[in-house]
Undergrad: 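Quick one: structure below, then a few questions.
All values derive from a computational prediction rather than experimental measurement. Ligands are counted one by one from 1 in listed order, and the atoms in each one are counted from 1 as well.
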Amino acid sequence: MSQRADTIFAKIIRGELPCHRVYEDDLVLAFLDIFPISRGHTLVVPKRAAATLDVLDDDSSAAIGRVLPKISRAVLAATGARSFNVLQNNGADAHQAVFHVHFHIIPHYDDGSGLGIGWNASKLQTDEAVKIAASIAGKLS
Ligand code: AMP
């Protein structure tokens with residue numbers, strides 16, 4: 001295993017480093033983020049190592065999808081937050097720091113604390129939309 005693949009989350013999953021665990025099953029571990037953006041900020045992590053979401057195996061993907069809503073509900077119930085963001089970064093340029101797939105559940109509070117988002121949107125142009133949609137659809141297998 002390369003050094004990059006042996007991440008801090010792999011060590012947590014193996015029990016070599018501590019965490020504040022909130023959920024565990026055969027394929028998934030969830031624990032509190034050690035530098036939370038807001039109270040209750042939780043990370044949901046597949047136990048099988050994959051650096052980024054696009055290379056995560058189907059069983060782990062399904063397992064994460066099955067528990068994300070349940071863990072989100074528990075975070076909301078425990079914190080009293082009424083809204084939250086699920087954030088999933090892939091690649092250093094996209095703010096990924098730990099190269100083991102993880103989903104952030106970040107509660108948003110009435111005082112405004114939570115994830116700040118920069119959203120530099122522009123209007124979709126039809127000719128470009130037709131091309132890129134067809135291209136993406138053609139790459140699915
Ligand atoms: P990302 O930028 O999406 O890769 O986020 C990585 C997250 O992992 C950050 O929010 C860190 O605070 C968090 N983190 C790093 N080390 C630990 C750790 N030992 N326990 C819990 N969370 C951690």
Undergrad: Side-chain contact, heavy-atom cut-off 4.5 Å: L29 with R21?
TA: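 When only atoms from C-beta onward are counted, R21 and L29 do touch, with a gap below 4.5 Å.
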Undergrad: Among all protein non-hydrogen atoms, which one is nearest to atom 9 (C) of ligand 1, and what is the separation to 0.1 Å?
TA: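 Of every protein heavy atom, D33 OD2, 3.4 Å lies nearest to atom 9 (C) of ligand 1.
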Undergrad: Determine, step by step, whether S61 and D58 satisfy the side-chain hydrogen bond (donor to acceptor under 3.5 Å, both in side chains) criterion, reporting the C-alpha distance in whole Å, the side-chain angles of both residues, the deciding distance to 0.1 Å, and the verdict.
TA: CA-CA 5 Å; S61 306; D58 287 352; 4.9 Å; no
Undergrad: Following the transitive rule for hydrophobic clusters with a side-chain heavy-atom cut-off under 4.5 Å over Ile, Leu, Val, Met, Phe, Trp and Tyr, establish whether L43 and V22 coincide in one cluster.
TA: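 Different hydrophobic clusters.
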Undergrad: Does F9 come within less than 4.0 angstrom of ligand 1, counting non-hydrogen atoms of the residue?
TA: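 In this structure, F9 qualifies as a contact of ligand 1 - some heavy atom is under 4.0 Å.
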Undergrad: Numbering the atoms of ligand 1 from 1, which are under 4.0 Å from a heavy atom of L32?
TA: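 Counting from 1, the qualifying ligand atoms are 21 (C).
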Undergrad: What are the atoms of ligand 1, with element, lying closer than 4.0 Å to any heavy atom of A97?
TA: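 Going through ligand 1 atom by atom, the ones under 4.0 Å from A97 are 1 (P), 2 (O), 4 (O).
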Undergrad: So for H104, does at least one of its heavy atoms come nearer than 4.0 angstrom to any atom of ligand 1?
TA: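 It does, in that a heavy atom of H104 comes within the 4.0 Å cut-off of ligand 1.
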Undergrad: Which residue, D33, I8, I12, forms the side chain to side chain contact (heavy atoms under 4.5 Å, CB included) with C19?
TA: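 Only one of D33, I8, I12 forms a side chain to side chain contact (heavy atoms under 4.5 Å, CB included) with C19, namely I12.
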Undergrad: Please list, chain by chain and in numerical order, all residues satisfying salt bridge (Lys or Arg N to Asp or Glu O under 4.0 Å) with E16, sequence neighbours excluded.
TA: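 Result, salt bridge (Lys or Arg N to Asp or Glu O under 4.0 Å) vs E16: R14.
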Undergrad: State, yes or no, whether a side-chain contact exists between N85 and H104 at a heavy-atom distance under 4.5 Å.
TA: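 Answer no - side chains too far apart.
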Undergrad: Which of the listed options, H95, H102, H100, holds the heavy atom that is closest to atom 3 (O) of ligand 1?
TA: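 Ranked by closest heavy atom to atom 3 (O) of ligand 1, first place is H102.
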Undergrad: Please identify which atoms of ligand 1 are closer than 4.0 Å to at least one heavy atom of N89.
TA: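 Answer, ordered by atom number: 1 (P), 2 (O), 3 (O).
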Undergrad: Under 4.0 Å from a heavy atom of I12: which atoms of ligand 1 are those, numbered in the order shown and with their elements?
TA: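 Once the distances to I12 are compared, the set is 18 (C), 19 (N), 20 (N).
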Undergrad: Using 30° and 60° as the class limits, which term best fits the ring planes of H100 and F9: parallel, tilted or perpendicular?
TA: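 Rings of H100 and F9: perpendicular, as their planes differ by over 60°.
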Undergrad: Using heavy-atom distances, let me know which of L17, I34, T7 sits nearest atom 16 (N) of ligand 1.
TA: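 Comparing heavy atoms across L17, I34, T7, the nearest one to atom 16 (N) of ligand 1 lies in I34.
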